[in-house]
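As the structure is a prediction and not an experimental result, all values here were calculated from the model.
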Amino acid sequence: MQQIFLVITAIALGLSFGAITGGLTFSSAVCLVAGIFLVTPSLFKFQLKDFALIKPNLPSIGRNLWINYGLIVAVALAIGFLSGDIGIAGALLLLALLPGGGMVMMWIKSSGANAKLGFIIFMLNLALLLPVTLIFGAYFDLAQGYFPAPDLGGTDGLGSGREIMPFAPFMILIVVPFLLSRLIRTFFPAVIKFSEAHGAAISKLTMFGIVLYLFSLSTAQLLFSVPLSALITSLVATIAFYVVAFGAAQVLTPESPEGRAVYWHIATRYITLALILAVFVVDQFGATFILPVMFAYFIQIGAAGFLRTRMMARAVAA
């Protein structure tokens with residue numbers, strides 16, 4: 001409940017600040033903050049020899065791939081088509097193509113999952129960002145014939161002239177945290193002790209700051225420029241998407257530390273990265289594109305604590 005309260009407070013403060021000031025301009029530094037404070041602490045016990053875990057865990061890695069990039073993507077396309085809105089459809093596809101997230105390692109670590117395998121899967125999913133962005137880039141051209149033209153009101157200039165550089169998130173969220181964790185392991189062991197003692201507080205504070213910032217962006221103000229019908233359609237579509245994601249995570253992953261690592265990569269989406277990429281393409285897909293990503297914050301972060309409790313109860317029952 002505390003985490004839900006923090007998220008709702010951050011969203012309310014961010015939207016209020018944006019409404020008063022017109023909103024902030026996006027900076028990719030938010031990814032660096034997520035990488036340093038959310039990803040790096042989970043890597044303190046990770047060693048290069050742990051890459052040997054790949055071979056014995058190929059079934060878990062394969063499960064992550066077929067569920068996320070097969071089943072979940074197919075469901076997102078179906079729900080998006082039923083919504084009748086190219087913006088909502090595009091956002092759901094983007095969420096489907098971005099499993100895991102900046103906070104996924106925190107949930108993996110706190111739920112008794114295999115954190116080392118979790119990081120390997122996290123790294124694999126981000127390594128796939130290049131083909132993911134190419135697929136998503138082709139989607140707009142292919143989908144135009146199936147949907148009415150998007151409402152571009154209020155999106156002028158928000159994404160114009162921008163290019164998605166898929167290699168940057170991989171560097172910021174994988175390479176930098178990994179190198180930083182090696183540096184800290186070698187020269188600053190006191191930082192590791194501090195992180196172990198105050199890790200939960202650091203994660204919550206970081207999450208609060210990131211959500212506050214993202215909802216303070218000028219893009220977030222698009223929430224107030226769409227009709228009520230679009231808000232309702234987007235909310236229903238996003239809930240349906242997450243029901244499938246949560247259900248697939250529950251049913252299709254075994255009760256084991258390795259299964260839990262896969263579970264979190266299915267149940268959660270990289271909503272921060274999705275919002276970042278949304279900034280680049282919102283003037284193509286229209287204002288409704290931002291809606292599922294915004295609703296995802298409420299649904300995913302709000303449900304994460306419940307999912308963790310349910311997972312631990314399932315582990316005890318087993």
Side-chain angles (χ1 to χ4, degrees), residues 50-82 89-105 107-108 111-139 142-143 166 169-170 173-174 237-271 273-274 277 292-293 296 299-300 303-304 307-308 310-311 314-315 318:
D50 292 325
F51 281 113
L53 290 170
I54 293 176
K55 186 175 180 179
N57 285 288
L58 283 176
S60 294
I61 294 171
R63 184 177 289 111
N64 164 74
L65 292 175
W66 81 259
I67 295 175
N68 277 315
Y69 299 102
L71 175 63
I72 302 297
V73 167
V75 167
L77 289 171
I79 296 173
F81 178 78
L82 291 173
L92 291 179
L93 175 62
L94 184 60
L95 287 171
L97 289 169
L98 295 174
M103 287 180 280
V104 72
M105 292 305 300
W107 291 112
I108 285 174
S111 62
N114 186 327
K116 294 177 179 179
L117 175 61
F119 176 70
I120 290 172
I121 295 175
F122 178 63
M123 182 175 62
L124 170 63
N125 289 337
L126 274 182
L128 292 172
L129 196 58
L130 177 57
V132 159
T133 52
L134 292 175
I135 292 169
F136 182 73
Y139 174 74
L142 294 172
F170 181 81
L173 295 167
I174 293 292
T238 310
I239 290 173
F241 171 80
Y242 270 101
V243 166
V244 174
F246 295 158
Q250 180 76 14
V251 174
L252 299 176
T253 59
E255 180 41 56
S256 66
E258 293 70 31
R260 294 179 195 176
V262 179
Y263 177 103
W264 285 110
H265 281 286
I266 296 169
T268 60
R269 304 286 112 187
Y270 209 147
I271 46 181
L273 186 54
L277 296 179
V293 183
I299 298 169
Q300 180 169 299
L307 293 175
R308 177 184 175 277
R310 186 174 181 178
M311 172 184 286
R314 186 174 67 160

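Within the structure, the salt bridge (Lys or Arg N to Asp or Glu O under 4.0 Å) test picks out no pair touching residues 58-69 (sequence neighbours left out). The salt bridge (Lys or Arg N to Asp or Glu O under 4.0 Å) analysis of residues 112-137, with sequence neighbours excluded, yields the pairs Asp50-Lys116.
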Do any side-chain atoms of residues 89-97 form donor-acceptor pairs under 3.5 angstrom with protein atoms, and if so which ones, sequence neighbours left out?
none

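For the pair Glu258 and Asn57, the tightest heavy-atom approach, listed with the atom from each and the gap, is CG-OD1, 3.2 Å. Nearest heavy atoms, Tyr139 versus Leu77: CE1-CD2, 3.8 Å. The minimum heavy-atom distance between Ala248 and Ile72, with the atom names listed, is CB-CD1, 4.4 Å. In terms of heavy atoms, Met123 sits closest to Phe51 at CE-CE2, 3.1 Å. Residues Ala249 and Tyr263 come closest through the heavy atom pair O-CD1, 3.2 Å. Among all heavy-atom pairs drawn from His265 and Gly118, the shortest one is NE2-O, 3.0 Å.
Between Asn114 and Ile108 the shortest side-chain heavy-atom distance does not fall below 4.5 Å. Between Leu124 and Leu65 the shortest side-chain heavy-atom distance falls below 4.5 Å. Looking at Arg260 and Thr253, their side chains never come closer than 4.5 Å, going by heavy atoms from C-beta outward. Considering only heavy atoms from C-beta on, Ser111 comes within 4.5 Å of Trp264 through its side chain. Val73 places none of its side-chain heavy atoms less than 4.5 Å from the side chain of Asn68. Contact check for Leu71 versus Leu252: side-chain heavy atoms found under the 4.5 Å cut-off.
Ile54 pairs in a side chain to side chain contact (heavy atoms under 4.5 Å, CB included) with only one of the listed residues (Ile61, Ile121, Leu117), which is Ile61.
When the ring pair (Phe, Tyr, Trp, His ring centres under 6.0 Å) test is applied to Phe119, the partners found at least two apart in sequence or on another chain are Phe46. Scored by the side-chain contact (heavy atoms from CB on, under 4.5 Å) test, Ile239 finds Leu235, Val243, Ile299 as partners (sequence neighbours excluded). With sequence neighbours excluded, the residues that form a ring pair (Phe, Tyr, Trp, His ring centres under 6.0 Å) with Tyr242 are Phe246.
Atom OH of Tyr69 and atom CD1 of Ile67 lie 12.5 Å apart (nearest 0.5 Å).
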